[in-house]
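Encoded as structure tokens, the structure appears first; notes follow it.
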Amino acid sequence: MAASLRCFLRSGKRAVLVAVRRGIHSSSPAAVQVTVRDALNQAMDEELERDERVFLLGEEVAQYDGAYKVSRGLWKKYGDKRIIDTPISEMGFTGIAVGAAMAGLRPICEFMTFNFSMQAIDQVINSAAKTYYMSAGLQAVPIVFRGPNGSSAGVAAQHSQCFAAWYAHCPGLKVVSPWNSEDARGLLKAAIRDDNPVVFLENELMYGVPFEVSDESLSKDFTIPIGKAKVERQGSHITLVSHSRFVGHCLDAAAVLAKEGVDCEVINLRTIRPLDVECIEGSVMKTNHLVTVEGGWPQFGVGAEICARIMEGPAFNFLDAPVTRVTGVDIPMPYAKILEENSIPQVKDIIFSVKKTLNV
Amino acid sequence: MKTMLAIISNALCRITGRSAVSGSTLVRRFRTDPVHKCDVHRLEAGPPVRAELTREQGLQYYRTMQTVRRMELKADQLYKQKIIRGFCHLYDGQEACAAGIEAAINPSDHLITAYRAHGYTFTRGVSVREILAELTGRRGGVAKGKGGSMHMYAPHFYGGNGIVGAQVPLGAGIALACQYQGNNQICVTLYGDGAANQGQLFESFNMAALWKLPCVFICENNKYGMGTSVERASASADYYKRGDFIPGLRVDGMDVLCVREAAKFAADHCRAGKGPIIMELQTYRYHGHSMSDPGVSYRTREEIQEVRSKSDPISLLKERLLSNNMASVEELKEMDIQIRKEVEEAAQFATSDPEPPLEELCNHIFSNDPPLEVRGTNPWSKLKSIS
């Protein structure tokens, strides 16, 4: 049983498609398990097949199958023209990708991690994000910048930064941060089909995590709209808003809190920019309490922005307590395991913050 | 007898390229003229040392360069009147580069340059009217007044880029798209002697050579990166060699024919699938770096005057045309008057056209998207943005 399950998971897409084609339906709507990695891989595969202008470039994406194996099998299938290994030249290859987008192609530019995107950030912001505006609509830049973002495990300060706030600050960019496999699949397909620069923030620790995905999401044209959050868990006492890996932490905290009679609503942002404020406001107007949870640093971050937006909108008058932000600790990421664990929000931190906000 | 002479005369005309024009003035139809030999790097041979020039071409190049010259001088005037604001980097002195390159490539080829872009914006097809109106920030500008001097665009012309050197990887990427699409087009990617020291150039050179991208990298060496002379900025000022493994040409950038021949040579090299090539155009700008730089603190007035009197690109072409009897003084003068008039009318438009409407402030954030709401300066200000 275990062996066949392992085999099933390893054969990935083929098995999934076979299952769908044979019309194997179970009684529950979500029958299939797919890891985030495979979801990303399948999304790219389908989009490469669908539109010949789409291509992938980055370090180790081709012959190495991807530094984190996200692009496994793609070079074998599509070859050198569509899957391009670059030298270690972020500023150069990012500019090349942006130029290619300007001249009619639809590149996917992979950063091995978003930490390295800092070397190329001028191309992302000044060449990609601003161009449609500066040209008054003459020059579009249909490009996706993707790669793992935020903290991993034991990779220390220079390899652990979260760039959600940095990129979400800039008009002209869309910034997307999927949590589970369905998010990853639908949002990546939407990002590739979008005619604008999209920053696609993945999470290395989530790549290997399997999730059940609906049959509907396996359709080749399944996309998730950019700019819409999802309520992952309905609740009435307090709203938890998060993105990426910490959505899972929020759901875990909600499960523990439910046993103590605290009913949490958990919102998965899915998109950082544009932020789905209406979804958050609607929830806060119901629960009267809000906690934001993110892995990035507190100052000028995603939670800070949510606080400001709530204050400027109708939901402010429904708050029974100030908004609480749960964030990464305001320090460069340390290496030692005990220090690293205590540098990012844990489930117990979320539980503690919820109780403090509710004054229970 | 008369018919016989006419037949012989016509035959002689065809052989020598002379054509009989009204009256007694004979004007040559074409000529092959000598041009300076280019220094080469990693090339067995350079471009031809003789350039063919027809009368039509000569007049066209003259018109192009004179239009750019008058347009830039008009921009200078408008800037001093504070009708143009912000950055304004003028191209006068360098006209032969833009005119020569455009003469060598096809409209379907691609071109990208840095911020000293008005000349290329014109040669790539944008009218003087739309350029000046963009400089004055009016709705009739090529970018509707939203881009300004450094951000003008046209089909197959990618600006106008403000960040020094950033346009070079972009150009290599455009060349990659040409190769990918198999359309036999090339990308001409321009940068200055200042940008030549940017790291991202060398990253672009490496990838362009590795992947044999059809990219002509062109360094417009006008001897100064802002206020810093090439001797003070570059350990090696042989910019045509800086591509190392990429072949290079050093070209007299004040001679439009020399530029054209070299650019043709370079374009052929790329189209033959041989990969990228570098051209260094030795040229000069009369103005300072921008309108806020008088341009005389780091170079002498004598130097500027010497270039004007000995190497002005428009004068050089004019001399060629006149001494080879390919045009008359009167017709060139007539053309000058015509061009001045055109530029004056364009300036009139640029000063009288209204500024863009405030309702369009937030438009063009995203392409092909439904309308969205944009926060104004305060929470009650909700502005609309359409694609």
Side-chain angles (χ1 to χ4, degrees), chain A residues 52-53 55 57 80-82 84-105 107 119-120 122-123 125-143 171-174 194-197 226-227 274 277 308-309 311-313, chain B residues 110 112 141-148 150-156 158-163 166-178 180-181 187 189 199-208 210-211 213 356 360 362-369 372-375 379-380 387:
Chain A
E52 61 183 17
R53 299 169 299 172
F55 72 101
L57 91 171
D80 287 327
K81 181 182 170 180
R82 313 282 304 278
I84 303 176
D85 274 337
T86 66
I88 307 173
S89 309
E90 273 76 9
M91 200 163 182
F93 73 68
T94 306
I96 282 177
V98 175
M102 289 178 173
L105 300 183
Q119 304 201 285
D122 174 65
Q123 296 288 1
I125 306 301
N126 281 320
S127 300
K130 297 178 184 172
T131 293
Y132 194 70
Y133 186 86
M134 291 193 295
S135 67
L138 290 174
Q139 181 65 68
V141 187
I143 188 168
L173 281 183
K174 298 185 185 182
D194 201 304
D195 288 338
N196 298 287
I226 294 177
V277 193
R309 299 279 273 268
M311 281 204 287
E312 291 180 351
Chain B
H110 307 258
I112 188 171
V142 62
K144 301 190 166 74
K146 295 173 86 166
M150 300 184 291
H151 308 296
M152 301 198 247
Y153 303 81
H156 294 220
Y158 304 83
N161 289 274
I163 307 296
Q167 77 278 11
V168 177
L170 294 179
I174 295 162
L176 184 136
C178 293
Y180 189 104
Q181 292 164 331
C187 183
T189 302
Q200 54 188 319
L201 259 73
F202 299 93
E203 296 188 11
S204 306
F205 292 163
N206 180 42
M207 285 181 274
L210 209 51
W211 301 330
L213 301 180
E360 293 185 15
C362 298
N363 289 351
H364 309 118
I365 296 288
F366 291 130
S367 169
N368 219 1
D369 253 22
L372 66 132
E373 196 178 85
V374 171
R375 187 190 196 277
W380 297 273
S387 286

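Every value quoted in this text rests on a predicted model; they were computed, and no experiment measured them. Computation of the quantities below employed the complete heavy-atom set of this structure, encompassing side-chain atoms and omitting hydrogens, waters and symmetry-equivalent molecules. By convention in this document, chain letters (A, B, ...) are assigned in the order of the sequence lines, proteins followed by strands, and residues within each chain are numbered from 1.
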Name the member of S367(B), A143(B), A177(B), G147(B) that forms the most heavy-atom pairs with chain A at distances under 4.5 Å. S367(B)
Atom pair CE/CZ of M91(A) and F202(B) - distance to nearest 0.5 Å: 13.0 Å
Interface moiety of Q119(A) toward chain B, non-hydrogen atoms closer than 4.5 Å: neither
Side chain, backbone, both or neither: which part of D369(B) has an atom under 4.5 Å from a heavy atom of chain A? side chain
Given that the side chain runs from C-beta out, which part of I163(B) has a heavy atom under 4.5 Å from chain A: side chain, backbone, both or neither? side chain
Give the member of Q139(A), K174(A), M102(A) that has the highest number of heavy-atom pairs under 4.5 Å with chain B. K174(A)
One should read off an interatomic distance between M152(B) CE and S135(A) OG, to the nearest 0.5 angstrom, of 13.0 Å
S89(A) OG to Q200(B) CD distance, which is reported to the nearest 0.5 Å: 11.0 Å
Of all of T94(A), L138(A), D80(A), which one pairs up most often with chain B through heavy atoms under 4.5 Å apart? L138(A)
Gap separating the CG atom of N126(A) from the CG atom of N161(B), nearest 0.5 angstrom: 9.5 Å
Where do I96(A) and W211(B) land on the side-chain contact (heavy atoms from CB on, under 4.5 Å) test, with the steps shown first? CA-CA 12 Å; I96(A) 282 177; W211(B) 301 330; 4.3 Å; yes
Between W380(B) and chain A, with a heavy-atom cut-off of 4.5 Å, which part of the residue counts as in contact: side chain, backbone, both or neither? neither
Test item: E203(B) and F93(A) side chains (from C-beta on) under 4.5 Å apart, heavy atoms: no
Closest contact, heavy atoms only, M207(B) versus G92(A): CE-C, 3.5 Å
Residue among M150(B), H110(B), H156(B), R375(B) with most heavy-atom pairs under 4.5 Å to chain A: R375(B)
Show the nearest heavy-atom pair for residues D195(A) and N368(B), with the distance to one decimal. OD2-ND2, 2.7 Å
If you count the non-hydrogen atoms of other residues, nucleotides and ligands that lie under 6.0 Å from CD in E52(A), is the total more than 12? no
At a heavy-atom separation under 4.5 Å, does I84(A) approach chain B through its side chain, its backbone, both, or neither? side chain
Nearest 0.5 Å, please: how far is NZ in K144(B) from CE in M134(A)? 15.0 Å
Heavy-atom pairs under 4.5 Å with chain A - which of Y180(B), Y153(B), F205(B) has more of them than the others? Y180(B)
Choice from P274(A), G172(A), G227(A), A140(A) maximising heavy atom contacts with chain B below 4.5 Å: G172(A)
For Q123(A) and A166(B), work out which heavy atoms get closest and say how close. NE2-O, 3.2 Å
Using 30° and 60° as the class limits, which term best fits the ring planes of Y132(A) and H364(B): parallel, tilted or perpendicular? perpendicular
Begin from the C-alpha positions of L57(A) and L176(B) and carry the test side-chain contact (heavy atoms from CB on, under 4.5 Å) through to its verdict. CA-CA 12 Å; L57(A) 91 171; L176(B) 184 136; 5.6 Å; no
Between K130(A) and H151(B), does the side-chain contact (heavy atoms from CB on, under 4.5 Å) criterion hold? Intermediate values first, please. CA-CA 10 Å; K130(A) 297 178 184 172; H151(B) 308 296; over 6 Å; no
Under 4.5 Å from any heavy atom of chain A, what part of Q181(B) do you find: side chain, backbone, both or neither? side chain
Tell me, side chain or backbone of L210(B) under 4.5 Å from chain A's heavy atoms, or both, or neither? side chain
If we define contacts as heavy-atom pairs under 4.5 Å, which of A136(A), A120(A), G95(A), A308(A) has the most with chain B? A136(A)
Chain A heavy atoms under 4.5 Å from N363(B): which part of the residue, side chain, backbone, both or neither? backbone
Rounded at 0.5 Å granularity, tell me how far CD1 in I226(A) sits from CZ in F366(B). 9.0 Å
Given that the side chain runs from C-beta out, which part of R309(A) has a heavy atom under 4.5 Å from chain B: side chain, backbone, both or neither? neither
Between L201(B), I174(B), L170(B), N206(B), the one whose heavy-atom pairs under 4.5 Å with chain A are most numerous: L170(B)
